[in-house]
Amino acid sequence: MHDYLTHTRGLRSWLTTLDHKRIGLMYLFTVLAFFLLGGVFALLIRLELFGPGRTIMDAATYNKIFTYHGAIMVFMVIIPAIPAAIGNFILPMMLGAKDVAFPRLNLASYYIFIAGALVASSALFLRGADTGWTFYTPYSIRTNTTATLVLAGAFIMGFSSILTGLNFIISIHKLRAPGLSWSRLPLFLWALYATSIIQVLATPVLAITLLLLVFERLFRIGIFDPAIGGDPVLFQHFFWFYSHPAVYIMILPAMGVISEVIPVFSRKPIFGYKAIAYSSFGIALVAFIVWGHHMFVSGQSELANFVFSLLTMFVAVPTGVKVFSWVATMYRGRIRFNAPMLYAFGFLQLFTIGGLTGVFLATLAINVHVTDTYFVVAHFHYVMVGGAIMALMAGLHYWFPKFWGRMYPEGPARVSFALLLAGFNLTFFPQFILGSQGMPRRYWDYLPEYTMLNRVSTAGSWFLAAGFVYAAVYLWRAMRAGEPAPANPWEANTLEWQTASPPPHDNFATAPVVTDWPYEYRDPLVPASASRSLP
Amino acid sequence: MFEKIFNGDLPLKGTQVAGSWDSLYNFLVWLSVFFFLLVVGGMVIFAMKYRADRQGAKAKYITGSHLLEAVWIAVPTVLLLIIFAWGYNVYRTMTHAPADAYEVRVIGKQWLWTFLYENGRTTVNDLYVPMNRPVKLIMTSEDVLHSFFVPNFRVKQDVVPGMYTSVWFEPTMPGKHRIFCAEYCGTSHSGMIGQVIALEAAQWKAWSAGKEIGPVPQAGLELTAAEKAHSGAAGAVLTLAERGAKVFAAKGCAACHSIDGSARPGPTLKGVFGHEVEFGDGGRALVDENYLRESIERPQARVVKGFQPIMPTFQGLVSETELSALLAYIKSLK
Ligand SMILES: [Cu+2]
Ligand SMILES: [Cu+2]
């Protein structure tokens, strides 16, 4: 029997495929390639900061390196990683569909993403860019590096994000299998839905902002440059109007993965299904009205600061609901320690610190001292790397058998998990202390009293690198020669597991019918066929 | 232990506000420790206790509890409102300067701070202020964004071209407090460092009257022997080049010029004296005293090849004596 991997063969069949599974994997490998590149830049940053003064590069080079690191990791890794890569593969299968609503558009989105990524990367071979991924004006207008290309690249990639979001929203509305009512929708899909709404509504604002900035650089039109009548703070409003919600484009799908993994490996229904589903929307909604918390010291009015601080506090409520529900799901469960669950534990540890320090930053007075210091750097790495990347690892291991029809090896997975968790905390926890002591971010040079903690942080980055390299090695091997995987190795209920691993080209041999919600985990096992209709 | 980890090393408390800030910060640290233990502790305990490989492991079918949900919505909401109010309260104190504050104008530019005082004095990177009196800075930028940040005072405010922003503080601790630029502003962002020099009443009077004042120690520290010796106050006399080195540091030259041959936004000054320099327009000149003087007072007059005309003019910002010292210093950089 042919599965989707052997359905057709040859590079051409991949590059022109309309199969959501293959497109998902193409995204995955693209994203991982950029992750490698962004990771190398991260290691260079940490190496330069091993001691004060010049270590391996001069200040101008350093400024470019941290710009590349940030721009690559945000626009080319974390934003597309879970929605476009894992989402593309899993969403139609969880819906019980053959594909997304618009397969051709889906492939187009991929190539738009590639085009944008290439345009942005071409700056690397010219004069580079040194604006930081935030492109703050008027510096970004004046710098004589090739920032225009990076801006244009991000602009183009935005369209890919918008189109993917649209495709997902419509697929969820139109392609649910018979019986898959909204109240039975898996939480990963709720999360992707909320994410898609943000992608569709917020990305256009970024696109217009970047375009205006490109025009400002090319034609001096006077929107953001005060020297010709523009307003540099206006840029920050526009930028964060997208980029704050973008944080949730990165973290909501991650939360979705965790919401799937924890019940499966606890053999228990998810605790508070409705509350978790609604909280995704709560977060997506609040996401649009808190952008000003990035600007408490920007010169924004006191009234605005008051309002943004207050609203930001409410992000913590739905986030707390999720975290508490995940922990409660484990209560009186039958917990298996497979790699996806380990990564979910890692996610919880890191994300909790990321979330709690978010409350510090939302608090006006505290923000004034710690904003633009390493405290912020540590905070968002805890959320975005600790949260999003840990969840990506959880997802990659969880769905690995489905992707390839092979199992990953459990032992090496533990080793790399331990390396990553330790390495991560070692790298980023000291940065909270550095920030509270006042070390500003984006510093190529620092005072001698910050040396010790910077060294610890740099050493941590090596553990992180080792963990990722090791994971890449065993996952690559397992992909090619791992143990064959059964259709449903985790005894999970969602539809993607109710078909062969790897799935056939059309996903399901016969169209599935849903008779129950996905978290109906009873112990001892009720055979899946009793509650779910198997193909 | 956690307190030590988080804030055993918070910066010095250079103002009263810093004290209020620290209290709020400590409160948040302890609250976070509590919630961290609740979540991660709960996770670890459940993971151990309900392992699948334990005797008679069997999961219980539970789908939720409205009561628990109500609790973990209500309790955090109340706590968050308290935190918000406390934070806003401290923030108001931090941002509302008393009406009688002593005003200093601040201009940020790549990559130094210029301070303009009421009495007409101007300083670069060193901000002289009286102790125990509110000081209000009215700030703007000549080029890109900068941010005025004094960790010891827990204050920070972006400095924006085309508009004025302000920040205030009342130093309660004498000595030098570090100023960082906290908003990325280009190549030498991390070199844009100055200091607030908080003076006791007598010294402040002397300084305002334009007199030389003795050396000032780092806040919270005594004068080191070296500082005493180098100040001349203790009798030791500095060479002219040594005095030049101090001017070089104080005026922010180091943000753009290295003295060891390495690349910065400006050419290195190592061994320039007596050598020929080439300009962007193809001209050449021998680096002598007059050329150096021109380079410092009117840097745009002739621009060194391969560099941008970004060096600010120091005309009026360095006195004749300081200039002589600077030249001696540059000459000594072999
Ligand atoms: Cu934000
Ligand atoms: Cu700066």
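We name chains A, B, ... by the order of the sequence lines, and we start the count at 1 in each one.
Atom OG of residue A/S266 and atom NZ of residue B/K60 lie 15.5 Å apart, to the nearest 0.5 angstrom. With rounding to the nearest 0.5 angstrom, the CZ atom of A/F360 is 8.5 Å from the CD1 atom of B/I83. For the atom pair OG1 (B/T187) and CG (A/D58), the distance works out to 8.5 Å, reported to the nearest 0.5 Å. Once rounded to the nearest 0.5 Å, the distance linking OG1 of A/T363 with CD1 of B/I82 reads 12.0 Å. We find the CE-CD1 distance between B/M48 and A/I335 to be 10.0 Å, quoted to the nearest 0.5 Å.
Applying the side-chain contact (heavy atoms from CB on, under 4.5 Å) test between A/V297 and each of B/T165, B/V167, B/D158 identifies B/D158 as the sole match.
Between B/M43 and A/L348 there is a side-chain heavy-atom pair separated by less than 4.5 Å. Side-chain contact between A/L364 and B/V90: absent, with no pair of heavy atoms (C-beta onward) separated by less than 4.5 Å. At a threshold of 4.5 Å between non-hydrogen side-chain atoms, the residues A/R267 and B/Y61 do not count as touching. Counting heavy atoms from C-beta on, the side chains of A/N63 and B/H189 never come closer than 4.5 Å. No side-chain heavy atom of A/Y273 sits less than 4.5 Å from a side-chain heavy atom of B/T63. Between A/M313 and B/L81 the shortest side-chain heavy-atom distance does not fall below 4.5 Å. Counting heavy atoms from C-beta outward, B/F34 and A/L356 have side chains that stay 4.5 Å or more apart. The closest side-chain heavy-atom distance from B/V160 to A/S298 is not below 4.5 Å.
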- Message: Using side chain to side chain contact (heavy atoms under 4.5 Å, CB included), reason through A/M439 and B/F180 one step at a time and then give a plain yes or no.
- Response: CA-CA 8 Å; A/M439 177 170 163; B/F180 287 123; over 6 Å; no
- Check against ring-ring contact (aromatic ring centres under 6.0 Å, His included), B/Y25 and A/H369: CA-CA 10 Å; B/Y25 186 79; A/H369 175 70; 7.9 Å; no
- Task: Tell me, with the steps shown, if B/Y91 and A/E302 meet side-chain hydrogen bond (donor to acceptor under 3.5 Å, both in side chains).
- Result: CA-CA 9 Å; B/Y91 173 76; A/E302 186 185 326; 5.9 Å; no
- Query: What's the verdict on side chain to side chain contact (heavy atoms under 4.5 Å, CB included) for B/K156 and A/V368, showing C-alpha distance, side-chain angles and the deciding distance?
  - Reply: CA-CA 6 Å; B/K156 181 183 294 122; A/V368 170; 4.2 Å; yes
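Each of B/R92, B/K49, B/Q110 has some count of heavy-atom pairs under 4.5 Å with chain A, and the biggest count is that of B/R92. Put simply, of A/I353, A/I366, A/T352, A/D372, the one with the most heavy-atom pairs under 4.5 Å next to chain B is A/I366. For the set B/S20, B/C181, B/P76, the entry with the most heavy-atom pairs within less than 4.5 Å of chain A is B/C181. Note on B/F153, B/F149, B/W86, B/F35: by heavy-atom pairs under 4.5 Å with chain A, the leading option is B/F149. In terms of heavy-atom pairs under 4.5 angstrom with chain A, the leader among B/T95, B/I62, B/L145 is B/I62. Chain A forms the most heavy-atom pairs under 4.5 Å with one residue out of B/P151, B/G162, B/A52, B/S141, and that residue is B/A52.
For chain B, the nearby part of A/P232 is the side chain; its heavy atoms alone come within less than 4.5 Å. Only the side chain of B/E69 comes within contact range of chain A, with heavy atoms under 4.5 Å apart. Of the atoms belonging to A/F296, it is backbone heavy atoms, and not side-chain ones, that fall under 4.5 Å from chain B. For B/V40, the part lying under 4.5 angstrom from a heavy atom of chain A is the side chain only. There is no contact between B/H146 and chain A, counting heavy-atom distances below 4.5 Å. Contacts between A/V370 and chain B at a heavy-atom distance below 4.5 Å involve backbone atoms as well as side-chain atoms. Within the 4.5 angstrom heavy-atom criterion, only side-chain atoms of A/N144, from C-beta onward, approach chain B. Proximity to chain B is absent for every atom of A/Q300, based on heavy atoms less than 4.5 angstrom apart. Of the atoms belonging to A/P226, it is side-chain heavy atoms, and not backbone ones, that fall under 4.5 Å from chain B. Neither the backbone nor the side chain of B/T93 has a heavy atom closer than 4.5 Å to any heavy atom of chain A. With a threshold of 4.5 angstrom between heavy atoms, B/L38 approaches chain A through side-chain atoms but not through N, CA, C or O. Contacts between A/T134 and chain B at a heavy-atom distance below 4.5 Å are absent for every atom of the residue. Neither the backbone nor the side chain of A/F351 comes within less than 4.5 Å of any heavy atom in chain B. In this structure, chain B has a heavy atom under 4.5 Å from the side chain of A/F314, while its backbone stays farther away. Using a 4.5 Å cut-off between heavy atoms, A/I141 does not touch chain B at all. Only the side chain of B/I193 has a heavy atom closer than 4.5 Å to any heavy atom of chain A. Looking at A/I270, the atoms closer than 4.5 Å to chain B (heavy atoms on both sides) all sit in the backbone: N, CA, C or O. If you measure heavy-atom distances from A/N305 to chain B, the contacts under 4.5 Å come from the side chain alone. Both the backbone and the side chain of B/D143 come within less than 4.5 Å of a heavy atom of chain A.
Residues passing the side-chain hydrogen bond (donor to acceptor under 3.5 Å, both in side chains) test with A/S301: none are found, sequence neighbours excluded.
Without hydrogens or angle criteria, B/S190 side chain to A/D445 main chain gives a donor-acceptor distance under 3.5 Å. Of the possible donor and acceptor atoms, none in the side chain of B/K58 sits under 3.5 Å from a partner among the backbone N and O of A/R334. Here the side chain of A/Q437 pairs no donor or acceptor atom with the backbone of B/P11 at under 3.5 angstrom.
Taking the centre of each ring, B/Y184 and A/W444 stay at or above the 6.0 Å mark. Ring centroids of B/F84 and A/F306 are separated by less than 6.0 Å, placing the two rings close together.
Closest of all the heavy-atom pairs between B/A182 and A/P440 is CA-CB, 4.2 Å.
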Pairs of donor and acceptor atoms involving the side chains of residues 319-328 of chain A, under 3.5 Å and at least two apart or interchain, shall be tabulated with distances.
unit_1 : atom_1 : unit_2 : atom_2 : d
A/T319 : OG1    : A/V315 : O      : 2.6
A/K322 : NZ     : A/I276 : O      : 3.3
A/K322 : NZ     : A/S279 : OG     : 3.4
A/K322 : NZ     : A/S280 : OG     : 2.7
A/S325 : OG     : A/V321 : O      : 2.6
A/W326 : NE1    : A/S259 : OG     : 3.1

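Electrostatic pairing of A/R442 and B/E183 does not count as a salt bridge here, judged by no charged N lying under 4.0 Å from a carboxylate O.
More than 12 heavy atoms of other residues, nucleotides or ligands shown are found within 6.0 angstrom of CD on A/E449. Around atom NE2 of B/H66, no more than 12 heavy atoms belonging to other residues, nucleotides or ligands sit under 6.0 Å away.
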